[in-house]
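The block underneath contains the structure these notes are about, expressed in structure tokens.
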Amino acid sequence: MRLLTHNMLASNARGAVTGYPLKLQVVKWSTKEAEPNADFLRGMLPKIDWAALVAATQALGLPELLPGAPPTDAELSAEGAAEDEGSVLRRLHRALLEIHIEEGTLVCPDTERCFPISRGVPNMLLHEDEVRN
């Protein structure tokens, strides 16, 4: 599961008020290189909950990966940003698209309901008695 996916998931379990953001408990993660796409990242940035993304990178033990505030369009559009490993564009790309959670748990912030992540796939299925009416 990529952190991009994590940033979009919420719990719909009975008792959940917002069910977002899900707390991330990581057992195993890996990185898989992908070609940076600045246009994609600029388009996705308004849809990203920055605080949840930063919390996810901290849960991975990578607190220095992202700055505390979202990058500006100028930072994402800077000349050579796609090639510069230290640029905000490359760090955002790494966080959203190259980090893969292989094993772990997503925890609902409202109900503490745990959703397992196995072989990179989060299981968000609810038991019948957990479904909201």
Side-chain angles (χ1 to χ4, degrees):
M1 177 187 76
R2 291 182 173 133
L3 293 186
L4 176 61
T5 302
H6 168 259
N7 202 268
M8 304 292 168
L9 292 176
S11 170
N12 286 319
R14 179 177 287 146
V17 178
T18 62
Y20 184 85
L22 295 168
K23 296 177 215 161
L24 185 58
Q25 298 174 342
V26 181
V27 174
K28 179 181 172 189
W29 64 278
S30 63
T31 56
K32 299 175 185 172
E33 279 194 34
E35 192 68 31
N37 184 330
D39 292 332
F40 174 78
L41 292 173
R42 278 193 295 275
M44 284 304 298
L45 192 57
K47 299 171 178 80
I48 298 296
D49 181 321
W50 192 259
L53 181 59
V54 170
T57 61
Q58 290 172 346
L60 289 166
L62 300 171
E64 73 291 340
L65 183 59
L66 295 174
T72 64
D73 195 47
E75 289 174 305
L76 295 178
S77 302
E79 186 71 31
E83 293 80 32
D84 179 7
E85 287 294 327
S87 71
V88 175
L89 174 74
R90 284 300 292 248
R91 294 185 331 213
L92 177 60
H93 167 78
R94 180 170 184 229
L96 289 175
L97 301 171
E98 291 186 344
I99 292 174
H100 292 259
I101 310 304
E102 303 292 339
E103 304 290 332
T105 307
L106 298 169
V107 182
C108 176
D110 301 323
T111 66
E112 297 298 315
R113 166 66 155 88
C114 294
F115 300 95
I117 304 167
S118 178
R119 293 183 300 210
V121 179
N123 181 349
M124 301 294 292
L125 295 175
L126 298 171
H127 302 285
E128 192 172 317
D129 63 335
E130 296 177 306
V131 178
R132 290 185 197 173
N133 291 340

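In plain terms, the two heavy atoms of I117 and M1 that are nearest each other are CD1-CE, 3.7 Å. Residues L97 and R2 share a closest heavy-atom pair of O-NE, 3.1 Å. Across all their heavy atoms, A10 and M124 have their closest contact at O-CE, 3.6 Å. When all heavy atoms are compared, the tightest approach of L60 to I99 is CD1-CG2, 3.6 Å. The minimum heavy-atom distance between L66 and A95, with the atom names listed, is CD1-CB, 4.0 Å. Across all non-hydrogen atoms, the minimal contact from A69 to W50 is C-NE1, 3.4 Å.
For the salt bridge (Lys or Arg N to Asp or Glu O under 4.0 Å) criterion with R90, the lone passing option out of E85, E35, E83 is E85. The side chain to side chain contact (heavy atoms under 4.5 Å, CB included) test with T111 is passed by exactly one of P109, C114, C108: C108.
The structure places CG of L9 at 10.5 Å from CG of L24, a figure rounded to the nearest 0.5 Å. Between T57 atom OG1 and L92 atom CG the span is 10.5 Å, to the nearest 0.5 Å. A distance of 11.5 Å separates CE of M8 from CG of L3, quoted to the nearest 0.5 Å. For the atom pair CD of E103 and CD of Q25, the computed distance is 13.5 Å after rounding to the nearest 0.5 Å. Taken to the nearest 0.5 Å, the CG atom of N7 stands 4.5 Å off from the CD1 atom of I48. Atom CG of L4 sits about 10.5 Å away from atom NZ of K47, to the nearest 0.5 Å.
The closest side-chain heavy-atom distance from H6 to I101 is not below 4.5 Å. Looking at heavy atoms from C-beta onward, S11 lies out of side-chain contact with Y20 at the 4.5 angstrom threshold. No side-chain heavy atom of R14 sits under 4.5 Å from any side-chain heavy atom of H127. At least one side-chain heavy atom of T105 sits under 4.5 Å from a side-chain heavy atom of V107.
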Steps toward side-chain contact (heavy atoms from CB on, under 4.5 Å) verdict (V54, Q58)
CA-CA 6 Å; V54 170; Q58 290 172 346; 3.7 Å; yes

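The backbone N or O of L65 lies less than 3.5 Å from a partner atom in the side chain of R91, making a donor-acceptor pair. With hydrogens and angles ignored, the 3.5 Å screen pairs no side-chain donor or acceptor of S77 with any backbone N or O of A74. Using modelled atom types, one side-chain atom of H93 and one backbone atom of A34 make a donor-acceptor pair closer than 3.5 Å. Looking at D110, its side chain does come within 3.5 Å of a backbone N or O of G19 through a donor-acceptor pair.
With hydrophobic clusters built from ILVMFWY side chains whose heavy atoms lie under 4.5 angstrom apart, V121 does not share a cluster with L96. Cluster annotation: L22 is connected to L53 through the hydrophobic network of ILVMFWY side chains, with a link wherever side-chain heavy atoms come within less than 4.5 Å.
Within 6.0 Å of CD in E33 there are 12 or fewer heavy atoms belonging to other residues, nucleotides or ligands.
Under the 4.0 Å criterion applied to side-chain N and carboxylate O atoms, E112 and K23 are assigned as salt-bridge partners. Of the charged side-chain nitrogens involved, none lies within less than 4.0 Å of a carboxylate oxygen, so that E102 and R119 do not count as a salt-bridged pair. Ionic pairing of E98 and K32 is not present here: no N-O contact between side-chain nitrogen and carboxylate oxygen is shorter than 4.0 angstrom.
Relative to the ring axis of F40, R42 does not place its NZ or CZ within 45° and under 6.0 Å from the centre.
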